Amino acid sequence: MTKPECRSATGASTHAEHGKRVAAMFGRIAGWYDFLNHALSGGQDIYWRYRLAKAARPASGETLLDLAAGTMDVSVELLRQYPDCKVAALDFALPMLENGKAKKLKGGREDAIFPVQADGRALPLPDESMGAATIAFGIRNILPREDAYREFFRVLKPGARLCILEFGTGSKRVWKGVYNFYLDKLLPFIGDRISGDPGAYRYLAETIKTFPDERALAREMVDAGFERVYHVPMMSGIVYLHVGEKPAAGE
Ligand SMILES: C[S@@+](CC[C@H](N)C(=O)[O-])C[C@H]1O[C@@H](n2cnc3c(N)ncnc32)[C@H](O)[C@@H]1O
């Protein structure tokens, strides 16, 4: 009997199959994604993305990678904070990118964000071409994560930052109970009723619970070659911002 290649919350036994299932799932919920995001986080997601973009700190005029861009909220925020940069918004679920298309017009620089359908495990970008990279609520969907880190490292310029926004486990006891109730009951209930995809928000809860904690994620970034790695808890550890730098040339 062949051993499954991966243990995925989608039930897929290979990484390729996992990717297909994740892309299809986000494709199905794309129309509801923004509404549910803001509703389920009580609007906090806007602040989280602001902090993510702030941490990117690119030099002026750079091209920035926003991987797992989805409906491009992070891409738009990057452009708002760094108006002289461009953003490559990459995601493998085309309906997600399409649902965010109208946002590209914000600020009147439609051509400054270019959406591309692509898999984060094999980026269609040249080596050392990006002035910073972000990924919001995307890294936990990618298996194996090492492939994504390797690609981030390859396409970033020396000294450029990788900034990751991801759910944490909720550090304080009182929060943990509320958070678990939210993940186990409320999220699947609301997700099922509204998005019409019975599995999608259960998958979301499952991936959050099985995701490595903030220290393990920091270790993964260091193992991938990033330095000056740090993380910042938000909302009592329910969300973490992780930052690392590709070593500068000559280091
Ligand atoms: C939870 S959404 C996050 C979207 C956006 N970053 C945000 O902050 O709202 C996760 C996104 O990751 C994308 N994704 C997951 N695995 C991916 C992969 N291997 N390559 C590219 N995109 C991927 C999904 O298609 C989905 O749009």
Side-chain angles (χ1 to χ4, degrees), residues 6 8-10 12 14-41 43-53 55-56 64-80 87-101 103-104 113 115-125 133-152 155 162-167 183 187 191 195 197 199-208 211 234 239-242:
C6 76
S8 146
T10 59
T14 65
H15 294 137
E17 183 56 28
H18 167 80
K20 272 191 203 154
R21 290 188 188 189
V22 171
M25 193 192 72
F26 279 104
R28 287 194 297 273
I29 64 169
W32 283 104
Y33 182 78
D34 283 344
F35 170 75
L36 281 174
N37 243 351
H38 301 323
L40 291 168
S41 72
Q44 287 297 303
D45 60 312
I46 296 165
Y47 173 68
W48 299 334
R49 291 192 187 84
Y50 161 82
R51 290 285 302 272
L52 173 74
L64 319 177
L65 164 63
D66 179 26
L67 180 60
T71 55
M72 294 189 278
D73 277 350
V74 173
S75 311
V76 170
E77 181 58 23
L78 283 167
L79 206 57
R80 198 187 65 76
V87 182
L90 270 56
D91 198 294
F92 66 4
L94 197 56
M96 289 288 278
L97 293 171
E98 275 168 351
N99 267 278
K101 238 162 52 188
K103 296 176 195 168
K104 287 207 313 149
I113 298 179
V116 179
Q117 185 180 25
D119 190 330
R121 297 174 307 156
L123 297 173
L125 298 169
T134 56
I135 179 164
F137 308 114
I139 193 78
R140 71 171 191 281
N141 293 295
I142 303 180
L143 290 178
R145 278 189 297 282
E146 293 84 350
D147 286 5
Y149 295 131
R150 190 199 58 236
E151 283 295 82
F152 277 128
V155 303
L162 166 62
C163 305
I164 301 176
L165 198 59
E166 197 44 89
F167 288 106
L183 288 180
L187 193 62
S195 78
D197 188 321
Y201 282 79
R202 265 177 238 288
Y203 163 81
L204 179 69
E206 188 58 31
T207 51
I208 292 171
F211 194 65
M234 289 187 274
V239 168
Y240 274 89
L241 168 65
H242 296 263

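Every number for a ligand or one of its atoms is a count from 1 in the order of the listing. Predicted model only: the values in this text are computed from it and were never measured.
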Starting from the N and O atoms of ligand 1, find every protein N or O within less than 3.5 Å and list the pair with its distance.
{"unit_1": "ligand 1", "atom_1": "6 (N)", "unit_2": "Ala68", "atom_2": "O", "d": "2.7"}
{"unit_1": "ligand 1", "atom_1": "6 (N)", "unit_2": "Ala136", "atom_2": "O", "d": "2.9"}
{"unit_1": "ligand 1", "atom_1": "8 (O)", "unit_2": "Arg49", "atom_2": "NE", "d": "2.9"}
{"unit_1": "ligand 1", "atom_1": "8 (O)", "unit_2": "Arg49", "atom_2": "NH2", "d": "3.2"}
{"unit_1": "ligand 1", "atom_1": "9 (O)", "unit_2": "Tyr33", "atom_2": "OH", "d": "2.8"}
{"unit_1": "ligand 1", "atom_1": "9 (O)", "unit_2": "Arg49", "atom_2": "NH2", "d": "3.0"}
{"unit_1": "ligand 1", "atom_1": "19 (N)", "unit_2": "Asp119", "atom_2": "OD1", "d": "2.9"}
{"unit_1": "ligand 1", "atom_1": "20 (N)", "unit_2": "Gly120", "atom_2": "N", "d": "2.8"}
{"unit_1": "ligand 1", "atom_1": "22 (N)", "unit_2": "Phe92", "atom_2": "N", "d": "3.3"}
{"unit_1": "ligand 1", "atom_1": "25 (O)", "unit_2": "Asp91", "atom_2": "OD1", "d": "2.6"}
{"unit_1": "ligand 1", "atom_1": "27 (O)", "unit_2": "Asp91", "atom_2": "OD1", "d": "3.3"}
{"unit_1": "ligand 1", "atom_1": "27 (O)", "unit_2": "Asp91", "atom_2": "OD2", "d": "2.7"}

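What you find for Ile113 and Pro115 is that their closest heavy atoms are O-CD, 3.5 Å.
Between Arg80 and Glu77 there is a salt bridge, with a side-chain nitrogen of the basic residue lying less than 4.0 Å from a carboxylate oxygen of the acidic one.
At least one donor-acceptor pair under 3.5 Å links the side chain of Asn141 to the backbone N or O of Phe137.
Legend: residues meeting salt bridge (charged side-chain N to carboxylate O under 4.0 Å, His left out) with Glu17, ordered by chain and number and at least two apart, are Arg21.
Using cut-offs of 30° and 60° on the angle between ring planes, the pair Trp48 and Phe167 is perpendicular.
Exactly one residue among Leu52, Asp91, Ile135, Thr134 makes a side chain to side chain contact (heavy atoms under 4.5 Å, CB included) with Asp66. That residue is Thr134.
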